[in-house]
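Remember, it's 1-based here, ligands and their atoms both numbered in the order they're listed. All heavy atoms count here, side chains included; hydrogens, waters and symmetry mates do not.
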Amino acid sequence: MLSTRTTPTRDVVSLDGLWRFALDTTAGPEPWTSRIPATLEAPVPASYNDLFVDPAIRDHVGVVWYQREVRVPRGWAGERVVLRFGSVTHAAQVYVDDTLVAEHVGGYTPFEADLTDVVAAGQEFRLTVAVDNRLTNITIPPGSVDTLPDGRLKQSYFHDFYNYAGIARSVKLASTPRAHVSDITVVTGIDGTSGTVDYTVEAAGTDGHDVRLRVLDEDGVTVATAEGETGSIRIDDVRLWQPGAAYLYDLVVELTRDGELVDSYTLPFGVRTVEVRGTQFLINGEPFYFTGFGKHEDTPVRGKGHDDAYLVHDFQLLDWTGANSFRTSHYPYAEEVLDFADRHGIVVVDETAAVGLNLGVQGGLTGIPPTPTFAEENFGGETKNVHAQHLRELIARDKNHPSVVMWSIANEPASNEEGARGYFEPLVDLARDLDPTRPLTYAAVMFANPTNDTIADLFDVLSINRYYGWYVFTGDLATAESVLEQELRGWVQRFGKPIMMSEYGADTQPGLHSVWDMPWTEEYQTDLLAAYHRVFDRIPEFVGEHIWNFADFMTGPGIHRVDGNKKGVFTRDRKPKGAAFSLRGRWRGLEGRKPGSAHAGDPAATDAAATEGTAS
Ligand code: GCB
């Protein structure tokens with residue numbers, strides 16, 4: 001699915017800003033048929049939960065309404081008009097005046113509505129969106145909704161991050177010609193000093209057209225051309241997209257008829273390869289070692305609302321620590337984030353929203369005996385179908401991003417349980433079918449170990465989440481270190497694949513200190529990470545380390561969380577904890593606190609970071 005851009009034949013109008021907002025309990029019946037009172041207004045993009053002081057809004061389970069008026073630019077007569085939502089969490093119904101124009105389930109992928117036949121250039125229409133935040137056993141991520149004795153609905157879910165909801169990404173109204181480029185796929189390769197670009201162009205709304213393509217370098221110089229809907233383009237003396245040294249070309253795709261331009265779309269892309277060979281993860285044929293974090297889209301007040309200021313600042317902090325990558329734990333992030341990663345050479349492990357397919361975790365924490373996760377009444381065939389659809393939407397959206405080097409199909413599924421293989425095998429096949437070029441992984445939960453895991457052989461990279469020294473062997477780093485090493489070696493021995501740590505860390509209250517191994521102190525976080533790093537450095541098959549988490553983040557209520565999850569190396573407002581400085585020491589070979597003391601361009605820093613980063 002192409003993202004929305006202005007081109008010589010396409011215009012875009014942003015619909016971000018304040019929309020009227022109401023709970024379904026106050027909006028009245030069929031709110032799309034009239035104006036919702038402007039008592040409450042909510043910004044788009046933002047989650048709505050933390051905006052208002054009323055707990056009935058924050059804790060609302062079910063539908064809320066967003067509404068605004070939109071005028072179609074008068075110059076758009078004769079054009080196709082498309083409405084595009086970056087995401088609506090978790091389900092949406094979209095009305096233009098009284099007409100239902102789109103329905104979408106899945107809170108982290110985009111969708112469009114073709115409005116060509118229901119709106120007119122120069123005219124205004126009322127746009128109303130029903131947003132449903134409910135998670136059930138047939139949503140991804142899953143959850144369950146119960147009715148309390150007083151009649152209120154209660155939402156439960158199997159992940160710890162807060163279930164923020166709303167219109168958290170940008171909304172756009174776009175024009176395209178009726179005959180238009182509807183999709184482009186590029187797969188790049190390297191042949192000596194040349195780059196190869198295998199491409200496919202899809203068009204819609206046309207009964208006859210030609211396709212011509214140009215590749216422009218970063219100076220706007222045409223370096224290659226081609227014709228036809230599919231083909232291969234060769235770029236001589238190619239500049240590769242590399243981690244830490246991004247280089248993007250523009251693929252200008254033009255639809256023509258009788259030599260006249262009909263539609264034009266520009267796709268930025270990078271030439272790079274990704275491959276798992278033996279126990280190595282190769283980018284452009286070179287071994288790559290992941291340094292970085294699992295992140296969240298999470299900020300005060302906005303919740304999961306996309307914010308360009310936090311985007312820029314977070315990437316500054318990634319660079320400052322020497323992180324070369326992150327995982328989009330635990331759902332696809334806003335497209336702006338991937339575009340930014342493409343432009344700045346940060347490597348991304350792109351994860352689906354399949355977090356919490358694991359009833360054993362719930363059983364473990366509450367003492368409730370676990371029920372079989374993949375039983376039909378829990379997460380069975382229908383859940384798998386929804387998961388498959390989500391995977392299709394993710395790959396359709398992100399397939400052309402050079403920064404995305406691997407798909408993570410799920411976080412902490414019950415891969416040790418019977419039924420896991422039957423659930424995951426078709427999803428792995430589907431992912432390989434949709435994208436044969438990128439390796440696959442999933443993040444393995446504590447209960448799944450080298451002996452009882454039933455699915456790891458289906459994947460290319462072992463990604464392991466472990467909390468030795470935190471949830472188990474709490475305060476005992478010596479035991480944590482030896483148990484971790486034994487287990488990681490067990491995974492390598494059984495599966496013979498590259499292995500990385502996709503989560504490890506400790507909740508840390510900034511300002512808390514101790515000379516002893518005291519959980520929650522800044523020193524304990526630093527020391528726990530150091531113990532893990534010693535283990536990684538002793539295992540030759542290790543290809544990466546992603547700490548949990550980049551920053552503190554909001555969670556649902558729970559006695560083991562104090563104002564959210566505090567495993568951030570940065571606080572929720574992005575202040576460094578002590579561990580940030582030691583990471584900088586490991587990943588960049590630098591100590592110190594002044595941002596000016598080491599930049600990406602500092603050769604000494606880059607050399608040191610490279611040496612550190614590839615040590616294993
Ligand atoms: C995990 C989950 C992550 C949690 C983390 C924790 O294993 O994957 O979503 O936030 O543990 O801190 O408990």
Side-chain angles (χ1 to χ4, degrees), residues 107-108 135 140-143 156-164 292-298 303-304 326-333 349-366 370 373 408-417 441-449 453 462-474 480 484 487-488 491 500-510 519-520 524-525 528-529 532 544-572 577 579:
Y108 302 100
L135 297 173
I140 292 291
S156 311
Y157 39 92
F158 314 108
H159 52 78
D160 77 337
F161 60 92
Y162 186 81
N163 184 33
Y164 282 113
F293 304 90
K295 281 186 100 262
H296 263 303
E297 292 189 309
D298 175 275
K304 295 205 172 302
F326 64 89
R327 174 169 61 124
T328 70
S329 40
H330 295 309
Y331 37 82
Y333 290 1
V349 177
D350 206 354
E351 185 159 275
T352 70
V355 49
L357 292 170
N358 198 329
L359 297 176
V361 170
Q362 190 200 29
L365 293 176
T366 63
T373 300
S408 169
I409 284 185
N411 182 69
E412 300 198 339
S415 58
N416 53 314
E417 284 187 33
T441 196
Y442 69 99
V445 69
M446 198 90 176
F447 308 133
N449 58 46
D453 183 275
L462 305 166
S463 297
I464 311 292
N465 295 357
R466 285 298 176 269
Y467 288 95
Y468 296 131
W470 188 253
Y471 293 122
V472 285
F473 311 120
T474 317
L484 176 73
E487 190 190 341
L488 295 178
W491 283 96
M500 67 183 285
M501 205 79 204
S502 37
E503 282 185 25
Y504 60 111
D507 284 270
T508 304
Q509 178 62 35
W520 291 94
Y524 192 76
Q525 183 182 38
L528 182 143
L529 299 179
Y532 276 65
E545 49 198 62
H546 277 171
I547 292 164
W548 193 255
N549 187 284
F550 171 73
D552 294 345
F553 58 90
M554 191 42 63
T555 59
I559 49 162
H560 55 300
R561 296 285 181 255
V562 186
D563 190 31
N565 188 310
K566 292 278 195 289
K567 294 193 186 69
V569 165
F570 296 92
T571 59
R572 201 178 187 211
K577 298 180 190 172

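Counting heavy atoms closer than 4.0 Å to ligand 1, residue Val445 contributes nothing at all. No part of Phe161 comes within 4.0 Å of ligand 1, judged by heavy-atom distances. Residue contacts with ligand 1, taken as heavy atom pairs separated by less than 4.0 Å, involve Phe553 solely via side-chain atoms from C-beta onward. Of the heavy atoms in Glu503, only side-chain atoms (C-beta onward) come closer than 4.0 Å to ligand 1. Neither the backbone nor the side chain of Asp507 has a heavy atom within less than 4.0 Å of ligand 1.
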Applying side-chain hydrogen bond (donor to acceptor under 3.5 Å, both in side chains), run through Lys295 and Tyr333 and close with a yes or a no.
-> CA-CA 10 Å; Lys295 281 186 100 262; Tyr333 290 1; 5.9 Å; no
From CA spacing to verdict: side-chain hydrogen bond (donor to acceptor under 3.5 Å, both in side chains), Tyr108, Glu297 | CA-CA 11 Å; Tyr108 302 100; Glu297 292 189 309; over 6 Å; no
What do the steps show when you test Val569 against Phe293 for side chain to side chain contact (heavy atoms under 4.5 Å, CB included), and what is the final call?
-> CA-CA 9 Å; Val569 165; Phe293 304 90; 3.8 Å; yes
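Taking 4.5 Å as the limit, every side-chain heavy atom of Ile547 sits out of range of all side-chain heavy atoms of Lys567. Counting only heavy atoms from C-beta outward, the side chains of His330 and Phe161 approach each other to under 4.5 Å. Using a 4.5 Å cut-off on side-chain heavy atoms (C-beta onward), Phe473 and Tyr467 make no contact. For the pair Val445/Asn465, no side-chain contact is recorded, criterion being any heavy-atom separation below 4.5 Å from C-beta on.
Residue contact check for ligand 1: Lys567 places a non-hydrogen atom closer than 4.0 Å to it.
The distance from ligand 1 to the heavy atoms of Asp160 drops below 4.0 Å at these ligand atoms: 4 (C), 9 (O), 10 (O). Of all atoms in ligand 1, numbered sequentially from 1 with element shown, those under 4.0 Å from a heavy atom of Asn465 are 8 (O). For ligand 1 and Arg561, the ligand atoms under 4.0 Å from any heavy atom of the residue are 6 (C), 12 (O), 13 (O).
No side-chain donor from either of Thr571 and Asp552 sits under 3.5 Å from a side-chain acceptor of the other.
Counting only non-hydrogen atoms, the option in Tyr467, Trp470, Tyr504 that gets closest to atom 5 (C) of ligand 1 is Tyr467. In this comparison of His560, His296, His330, the heavy atom closest to atom 3 (C) of ligand 1 sits on His330.
Checking Glu545, Glu487, Glu503 one by one against Arg466, the salt bridge (Lys or Arg N to Asp or Glu O under 4.0 Å) holds for a single residue, Glu487.
For atom 13 (O) of ligand 1, the closest non-hydrogen atom on the protein side is Tyr471 OH, 2.4 Å. Given atom 7 (O) of ligand 1, the protein heavy atom at minimum distance is Glu412 OE2, 2.5 Å.
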